[in-house]
Amino acid sequence: MHWHRTIGAIMLSLAAASPLAAQDAATAGEEPQVAWPTLEPIARLRHEGAGRSAYDRASNMLFVVGDKGIAVIHMGRGDDAAIVRTINPAIESGVPEPEQATITSVVCDPRGRGVAMATVVPKDHALVPGRAIFFDTRTGKALANITVGYEPVYALWSFGGGSIHVANKGSAVKGRKDIAIDPPGTLSWIDVDELSNAAAFESLAQASVTIITPGGEALASGLPALRITPALRQSPDLDLEPTALAEAGNWLFVSFQANNAVGMFDLVNGVWRSILGLTPIEQRLDACATDGPSVAHELATLPMPNEIAVPILRDGDAYIVTANAGAIRGRMDRSSEAPYPDAAALMWMAKSKLIRDDLFPQHMLGYDGVGALEVCARSGDEDGDGVIERPCALGSRSLSLWNVTTGALVGDTGSAFEDAMTQSPRVYNTIGPRVDAASTERGPEPSAMRVTKVGGVWYAFVGLAHPGAIAVVDLTDARAPKLVDLRVSAMEGDFGVPALTLVPAAVNPTGSDLLIGSFAASGTVEVWRIVPPVGSQ
């Protein structure tokens, strides 16, 4: 299956960069000149459960999702940023049981009409559809409340401001008598092109929403490689769960994290062009949570991207970039509320005769080896005999580039993130206070990503959830994306990074590109100025 080949409008070039300049200068005893962008902290604020954020250029306000609502932050000059109020669109708009509803994302209008939209997931997310709530960015006043799909988790306002796209995950839950309630994963397309100002959004009606279910020929051709619970193979929606979106020209790129897939949606014709399962990546990783930093085990891994971006590279090819965090629907070897548990520890898989018994020496299948590593209980049966010959870890713990034309893997950072984190052993793969605890799950878990040009060179800023760090990756060579810097935010008291937001210099009063980091575990929001490399254009 080949991806659609008409991508010409999104091709640009990358300039070369030398990430070794500072190291070489330091070795020679000279003043080091950093050859990659650095992050200069300019503000730090408290916001419990900080999540996705969005900047509104019309009001110079930053909106940050949190446990108790959306923090409204007046950015000022950047260094004087301050929370001015907290709003809760769920309460103001009459969502059922609003105190137990979850605000999952917020996006601001790029046209500057002074409008933002929040996605809200009701308590009974498998029974009650989610809402998209529009509000005035200057006053916080609710303007419209419309229904989208089940469990909206990610929203993206189109570049031109004419539409909004919402990824509705549609996760299943156990109902009465353990019967699964499984709503479809969908995309919602909201048309707001004709609305000229904030007041006009009050007239926004349900008719402006189109619900799109992944399917058709594009899905059928990608089915063999998709990670889908076997019980759902005959289901119309196949339980595809869109979790992140990226836009490039007339195309919408969709990450189906739990399904280990990416999709390409044609925004002009309103059809899916491809939905492809991603190739497992052979990776060196840390599979043991009892030996401290030790990136030593070679295993197959499912990318399972949490974030997706579309940089435009040279030589006539475009690539999508994925941050490969991994995900599970539920564990098979312990109690779980998930209706389709599909992950298990290797030791449990071996004991249950679900993996080939000669894959690992017996002594390696204990807690001090690879035994506690979580793997997919549905993937890796290469000959169809019901026994897994190639166990796959859940998440490749890396950043990958995939060719838009063919869907083929082009480059990957490999074990670079975990290797770099070993230099901070006190917080290595931390979950809460437990060092190394994340090693058997998803390691550093690259969960957030933003891609931009700095000094003429494409870079990815990647948020590592465990324990909390910001990685800078040079994308100059698509075949070999290179980690050039790592800021371990956990050493500064910032833990967990569910979201990053870029605010271009052209739309904010600081005159610099800004990176906003939300840290859910520590309840903090960091604002950094992106400082270009010395001598860059």
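Owing to the predicted nature of the structure, the values given are computational and were not obtained by experimental measurement. Values reported hereafter were calculated over all heavy atoms of this structure, with side chains retained and with hydrogens, waters and symmetry mates removed.
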Less than 4.5 Å apart, any side-chain heavy atom of Pro533 and any of Val454? yes
Asp79 meets the salt bridge (Lys or Arg N to Asp or Glu O under 4.0 Å) criterion, sequence neighbours left out, with Arg77
Is the closest basic N to carboxylate O distance between Arg442 and Glu374 below 4.0 Å? yes
Tell me whether Asp56 contacts the main-chain N or O of Ser59 through its side chain, where contact means a donor paired with an acceptor under 3.5 Å. yes
Between the side chains of Tyr55 and Asn60, does any donor sit under 3.5 Å from an acceptor? yes
Looking only at the side chains, is there a donor atom on one of Asn168 and Ser188 sitting less than 3.5 Å from an acceptor on the other? yes
side-chain contact (heavy atoms from CB on, under 4.5 Å), that's the test. Do Trp402 and Phe253 meet it? Break it down for me. CA-CA 12 Å; Trp402 311 81; Phe253 295 85; over 6 Å; no
Distance check, rounded to the nearest 0.5 Å: Ile320 atom CD1 versus Leu401 atom CG? 9.0 Å
Among Asp412, Asp474, Leu475, which one satisfies side chain to side chain contact (heavy atoms under 4.5 Å, CB included) with Pro481? Leu475
Met75 and Ile73: CA distance, side-chain angles, deciding distance, side-chain contact (heavy atoms from CB on, under 4.5 Å) verdict: CA-CA 6 Å; Met75 291 297 291; Ile73 299 172; 4.2 Å; yes
Sequence neighbours excluded, which residues qualify as salt bridge (Lys or Arg N to Asp or Glu O under 4.0 Å) partners of Asp286? none
For atom CD of Gln206, is the number of surrounding heavy atoms from other residues, nucleotides or ligands below 6.0 Å larger than 12? yes
Going by heavy atoms in the side chains, are Lys169 and Val121 under 4.5 Å from each other? no
Taking atom types as modelled, find out whether Asp191 and Ser208 have a side-chain donor-acceptor pair closer than 3.5 angstrom. no
Ion pair present between Glu241 and Arg329, side-chain N to carboxylate O less than 4.0 angstrom? yes
Is any side-chain heavy atom of Thr102 closer than 4.5 Å to a side-chain heavy atom of His125? no
Using modelled atom types only, decide if a donor and an acceptor are shared between the side chain of Gln257 and the backbone of Gly326 within a distance under 3.5 Å. yes
Residues Ser447 and Asn306: side-chain donor-acceptor under 3.5 angstrom: no
Do Val209 and Ile211 have side-chain heavy atoms sitting under 4.5 Å apart? yes
So, the side chain of Arg111 versus the backbone of Asp193: is there a donor-acceptor pair under 3.5 Å, distance only? yes
Quick check: does any side chain N or O of Ser415 sit under 3.5 Å from a backbone N or O of Asp419, one acting as donor and the other as acceptor? no
Using only heavy-atom distances, determine whether the side chains of Thr119 and Thr104 contain a donor-acceptor pair under 3.5 Å. yes
Does any non-hydrogen side-chain atom of Ile308 lie less than 4.5 Å from one of Tyr154? no
Answer yes or no: is there a side-chain heavy-atom contact under 4.5 Å between Trp157 and Val192? yes
Does the side chain of Asn88 come within less than 4.5 Å of Lys68's, by heavy atoms? no
